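Model, not experiment: these values are computed from the prediction. In each ligand, atom 1 is the first atom listed, and ligand 1 is the first ligand listed.
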Amino acid sequence: MKEGTFYVTTPIYYVNASPHIGHAYTTITADVISRFKRMWGYKVLFSTGTDEHGQKILESAKAQNRDPKEHVDMYSQVFKDTWKKLHISYDEFIRTTEPRHEKVVQYIINKLYEQGDIYKGVYEGWYCVPCETFYQADELVNGNCPNCGRPVIWNKEDDYFFRMSKYQDKLLEHIEKNPDFVQPQTRRQELLNRVKEGMRDLCISRKGLTWGIPIPFAEEYSIYVWVDALINYLTVAGYPDDREKFETFWPAVHLVGKDILWFHAGIWPCILLALGIDVPRKVFAHGFWTVKKEKMSKSKGNIIDPVQMANSLVDKGFDWDIAIDAVRYFLMREVPLGLDGEYSDESFIHRVNSDLANDLGNLFFRSVGIINRYGDGIIPNTGNAENELLNIKDSIIKGLDEYMTNFEYTKVLSDIWDFIGAVNKYLDQKSPWSLARDGKREEFDSIMFNVFESIRNIAILIYPFMPKVSEYLLSSLGVELESSLKREALEGWGKLKQDWKIPEVKPLFPRIEV
Ligand code: MSP
């Protein structure tokens, strides 16, 4: 990895249904860090995609009466369309059925086989199709899958195995030496415990399963879908042919849900160690969104669709782009990444009303109202900094890269909202409208300059979370976007355009009556 670069990944999603807020959550989280890092001058590679092979996908295609290829093409497009709607700025969208990926998977399997890390043995145990996971009898809970609780199937066949146990000690050492390799700490502890219990060799083949990548030296087998899927992160990084890209970006930061931590922080690093490649820079495992305390899932029928959430705001008078940003804001603000979050329509509406309409919206619209009424709509640029506000801004910027890199988004947003609160309070205390009425023009100008300069800074700070709201605010302030969405634009105080007349603005966040 070269200095100043950043590679972030989401899991690649199974193409058996449309995305819900659980999927959107990881993808938006990755989008926020990508937008932030680009703003901070990093060269970013942000990758997402779809996981299209395996028994689960084959069965879902059958159940929906579709040819598997047609099925995966369709759902993969649904994911792409949804990410477009949610303003996701990914650089790469990878599909595991693409030839470029199949080539890399086969290359890796051959390499591991040739170096003696893959051997043939007998697999005897259980398999959960919905989770695409092998289990031994002692891992089952009441005879069912310990992860999803559904029935498992018995499997006994000749199979190929990866010598995972060989890399256990190296992995353990890495986790122990690198306290931030897995975050949050509770998950790191879980992982440590599991690695210490001992790692069995991993079955990496499925006999007779045709919807998968064939094992190059034994074509009656396909490669276990999780091994196929994990390798996507290397394919995107250009491994093995594009050395330049690979050396620029690898290792990646993997964002995952807590249910798939073991695959990413247990199995995956062992494969990488066997290949002589650096393990991931970080694996961050987030929690689950629940509805009435139950994990969302298609089978329970309690799915929350992010696009429908946005539509519910459009019905209340929101513009589409602003409604999407409100969904993004809610998901990033409501729960610290790492904990579970309970979704309800009430909590969504409450956030939108209080943080967006009452705090941010109110600050902007009352400021514009004051300047229109008492200052001909022209933002004064007096240049006198109000230290109280400048200091708040500086203290946010100080730790920002570190907080963002540790995915402490709720802390960052709460700091930005404290800033918004401080500017609203500043307006109340200074009551510039009375100064204008009393003819104290200079004082009025100075206050309004500081208010709008604060709004400019706030608009830049919220950009990674709410890009369209940010762009709307900045363009209303006459600020050029390209030069504004940069770290330098947050330095100092007083980068507003001289004598800019604010155009007519529309209320961004209509208050939702409940
Ligand atoms: N295809 C695998 C990942 C392979 S990555 C090499 C997979 N796909 S998935 O579509 O089932 O899930 C993708 C992600 O969505 C996981 O990180 C999972 O944790 C997340 N979520 C699924 N339901 C969720 C919630 N209800 N809440 C939050 N995230 C959840 O696993």
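- One side chain, Y42 or D401, offers a donor N or O that lies under 3.5 Å from an acceptor on the other.
- Atom CD in Q183 sits 3.5 Å away from atom NZ in K282 (nearest 0.5 Å).
- For the 3.5 Å distance criterion, the side chains of Q64 and Y75 qualify, holding a donor opposite an acceptor.
- Between atom 19 (O) of ligand 1 and the options D259, I303, L261, N232, the minimum heavy-atom separation is to D259.
- Not one N or O of P11 is nearer than 3.5 Å to an N or O of ligand 1, by distance alone.
- Counting heavy atoms only, I12 comes closest to atom 3 (C) of ligand 1 of the residues I12, T96, T290.
- Checked by distance only, ligand 1 and D51 come closer than 3.5 Å through their nitrogen or oxygen atoms.
- Note: Y13 and H23 have perpendicular aromatic rings, judged against thresholds of 30 and 60 degrees for the angle between ring planes.
- In this structure, C131 falls outside the shell of residues with a heavy atom less than 4.0 angstrom from ligand 1.
- Under a 4.0 Å criterion applied to the non-hydrogen atoms of H264, ligand 1 contributes the atoms 5 (S), 6 (C).
- Using a 30° and 60° split on the angle between ring planes, H254 and W268 fall in the tilted class, from 30° to 60°.
- Rounding to the nearest 0.5 angstrom, the gap separating the CZ atom in F46 from the CG atom in D31 is 5.0 Å.
- Taking OG1 of T186 as the reference point, atom CG of L339 lies at 8.0 Å (rounded to 0.5 Å).
- Between W262 atom CH2 and N147 atom CG the span is 14.0 Å, to the nearest 0.5 Å.
- Here Y233 has side-chain heavy atoms under 4.0 Å from ligand 1, and that is the only part of it that gets that close.
- Within the cation-pi definition used here (under 6.0 Å to the ring centroid, within 45° of the axis), R200 does not qualify as a partner of F134.
- Close N/O approach between T26 and ligand 1 is not found [any backbone or side-chain N/O within under 3.5 Å].
- Remark: ligand 1 atoms within the under-4.0 Å shell around heavy atoms of H23 are 10 (O), 15 (O).
- Ligand 1 has a nitrogen or oxygen under 3.5 angstrom from a nitrogen or oxygen of Y14.
- Taking a cut-off of under 4.0 Å to the non-hydrogen atoms of A229, the atoms of ligand 1 that pass are 6 (C).
- Listed by atom number, the atoms of ligand 1 under 4.0 Å from H286 heavy atoms are 28 (C), 29 (N).
- Atoms of ligand 1 found under 4.0 Å from any heavy atom of M296 (numbered from 1 in listed order, with element): 26 (N).
- Distance check: N178 CG to E173 CD gives 9.5 Å after rounding to the nearest 0.5 Å.
- Neither side chain, E52 nor Y14, offers a donor N or O lying under 3.5 Å from an acceptor on the other.
- Applying the 4.0 Å criterion to heavy atoms of H20 picks out, from ligand 1, the atoms 22 (C), 23 (N), 24 (C).
- Around the OH atom of Y403, the shell of radius 6.0 Å holds no more than 12 heavy atoms that belong to other residues, nucleotides or ligands.
- Taking every heavy atom of G287 and a limit of under 4.0 angstrom, the matching atoms of ligand 1 come to 28 (C).
- The salt bridge (Lys or Arg N to Asp or Glu O under 4.0 Å) test with R95 is passed by exactly one of D73, D51, D228: D73.
- Heavy-atom proximity to atom 26 (N) of ligand 1, evaluated over W289, W268, F263, Y25, is greatest for W289.
- Taking only nitrogen or oxygen atoms, main chain and side chain alike, G257 reaches within less than 3.5 Å of ligand 1.
- Residue-ligand proximity, Y13 to ligand 1, at heavy-atom distances under 4.0 Å covers atoms 10 (O), 13 (C), 14 (C).
- From the protein, the heavy atom lying nearest to atom 16 (C) of ligand 1 is I260 CD1, 3.7 Å.
- Judged by the shortest distance from any of its heavy atoms, E132 lies outside the 4.0 Å radius around the atoms of ligand 1.
- Of all protein heavy atoms, the one closest to atom 20 (C) of ligand 1 is G22 O, 4.4 Å.
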